[in-house]
Amino acid sequence: MAKATIGTETGAALPASGANRFQGAAGLSSIILPLGLAFVVLAAWQLYVTIWQVPSVILPSPVSIAKYIVARYDILLTHAVPTTLESAAGFLLALLLGVALAILITYSDMAREALYPNLIFFQLIPKIALAPLFIIWLGVGSQSRIAFSVFIAFFPVVIATTAGFLSVDRGILRLCRSLTATEWQVFTSVRFPMALPHIFSGMKIAITLAIIGVIIGEFITAQAGLGYLIIFATARADTEVSMAAIVVLCICGLLLYGLVALAEMVANRFYSADSR
């Protein structure tokens, strides 16, 4: 029986077992390299603070930040929950709004001509300058922070989704219409699956912007949240608390980003299995 082989980028054939080992090594390096770089940066940071005896009010060491996170995880978790929930809510609303506008722009030439230039115009406005207005319009509660998060995050979703819908091969669309497929069938079976890479690219940008929008809102007015904790600690010159809150914020952001990446994997597997 012939041994299973797999093609490479150069056109050569490798045994399937060798290809699997190559892919496994590549996947392992994608994990080791970022972690290794992070370790080197943290070690250099720790050495710098220790050797030069930098005061903690200026730059606390990674060890002291880690000790604070472990010792006061309850306070950090209490402030992380509202920030994470509001960021997720803003992202989901931005996703729904962005996809809806992208569909409208794709299927209506009039809407494209009317909306697209205005979307570009609003994107050029410095967002932080409008944050106080959202507080005036919607109050000091979570509504203003979520609305501001949506305002910041929806634009990448609109642009990426529209690009995905419009990038479908015209020949495929003509073939579908020649087979008397309805617009809904074309959308669900052709446009949407083929636009998924673009949509998730926009989503990955949007989730980071949604977190930024919530943090800006918490900087201005909030009684809880990681942004509030950062401002409160900075006002007291407690840099260790501020840095600990930033670390927890990064962890929350990574978790939300990971959920988007997981959803992308599930969607790709679903549509690839459905295509078979």
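We use all heavy atoms of the structure for the numbers below, so side chains are in, but hydrogens, waters and symmetry mates are not.
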Checking E86 against S149 for the side chain to side chain donor-acceptor pair (under 3.5 Å) test, could you report, in this order, the C-alpha distance in whole Å, the side-chain angles of both residues, the deciding distance, and whether it holds? CA-CA 8 Å; E86 290 174 4; S149 176; over 6 Å; no
I want to check something: taking the side chain as every heavy atom from C-beta on, are L119 and F154 in contact at a cut-off of under 4.5 Å? yes
Under a 4.0 Å threshold between the charged nitrogen and the carboxylate oxygen, would E183 count as salt-bridged to R177? yes
Aromatic rings F122 and F151: how do their planes relate, parallel, tilted or perpendicular, breaks at 30° and 60°? perpendicular
For the side chain of H79 and the backbone of L226, is there at least one donor-acceptor N/O pair under 3.5 Å apart? no
Within a 6.0 Å radius of atom CD1 on I128, are there more than 12 heavy atoms belonging to other residues, nucleotides or ligands? no
Look at atom CZ of F219 and say whether more than 12 heavy atoms of other residues, nucleotides or ligands are closer to it than 6.0 Å. yes
Using the rule given for side-chain contact (heavy atoms from CB on, under 4.5 Å), can you reason through T239 versus I58, listing the C-alpha separation, both sets of side-chain angles and the distance that settles it, and then say yes or no? CA-CA 7 Å; T239 310; I58 302 298; over 6 Å; no
Can you establish whether the number of heavy atoms outside F187 located under 6.0 Å from its atom CZ is more than 12? yes
Less than 4.5 Å apart, any side-chain heavy atom of F39 and any of L35? no
Could you check V54 against Y48 for side-chain contact (heavy atoms from CB on, under 4.5 Å), going step by step and ending with a plain yes or no? CA-CA 8 Å; V54 180; Y48 173 77; 3.7 Å; yes
Can you check whether S61's main-chain N or O pairs, donor with acceptor, with S64's side chain at less than 3.5 Å? yes
Under 3.5 Å: donor-acceptor pair, side chain of N118, backbone of A114: yes
Should L97 and F165 be regarded as members of a common hydrophobic cluster, given that ILVMFWY residues are connected when their side-chain heavy atoms come within less than 4.5 Å of each other, either directly or indirectly? no
Using the side-chain contact (heavy atoms from CB on, under 4.5 Å) rule, take C176 and V190 through it: C-alpha gap first, then chi angles, then the decisive distance, then the call. CA-CA 9 Å; C176 292; V190 178; 3.6 Å; yes
Could you tell me if the side chain of W45 sits less than 4.5 Å from the side chain of L59, heavy atoms only? yes
Is atom OH of Y107 surrounded by more than 12 heavy atoms (other residues, nucleotides or ligands) closer than 6.0 Å? yes
Donor-acceptor contact below 3.5 Å, side chain S167 vs main chain G164: yes
Do F192 and I199 touch side chain to side chain, with heavy atoms closer than 4.5 Å? yes
Do any N or O atoms from the side chain of S144 and from the backbone of G141 form a donor-acceptor pair under 3.5 angstrom? yes
Beyond-backbone contact of T221 with F134, side-chain heavy atoms, under 4.5 angstrom: no
Is the backbone of I205 close enough, under 3.5 Å, to the side chain of T208 for a donor and an acceptor to pair up by distance? yes
Is any side-chain heavy atom of Y68 closer than 4.5 Å to a side-chain heavy atom of M243? no
Can I172 and M194 be said to form a side-chain contact (heavy atoms from CB on, under 4.5 Å), step by step? CA-CA 11 Å; I172 297 177; M194 297 186 71; 4.2 Å; yes
Tell me whether T50 contacts the main-chain N or O of L47 through its side chain, where contact means a donor paired with an acceptor under 3.5 Å. no
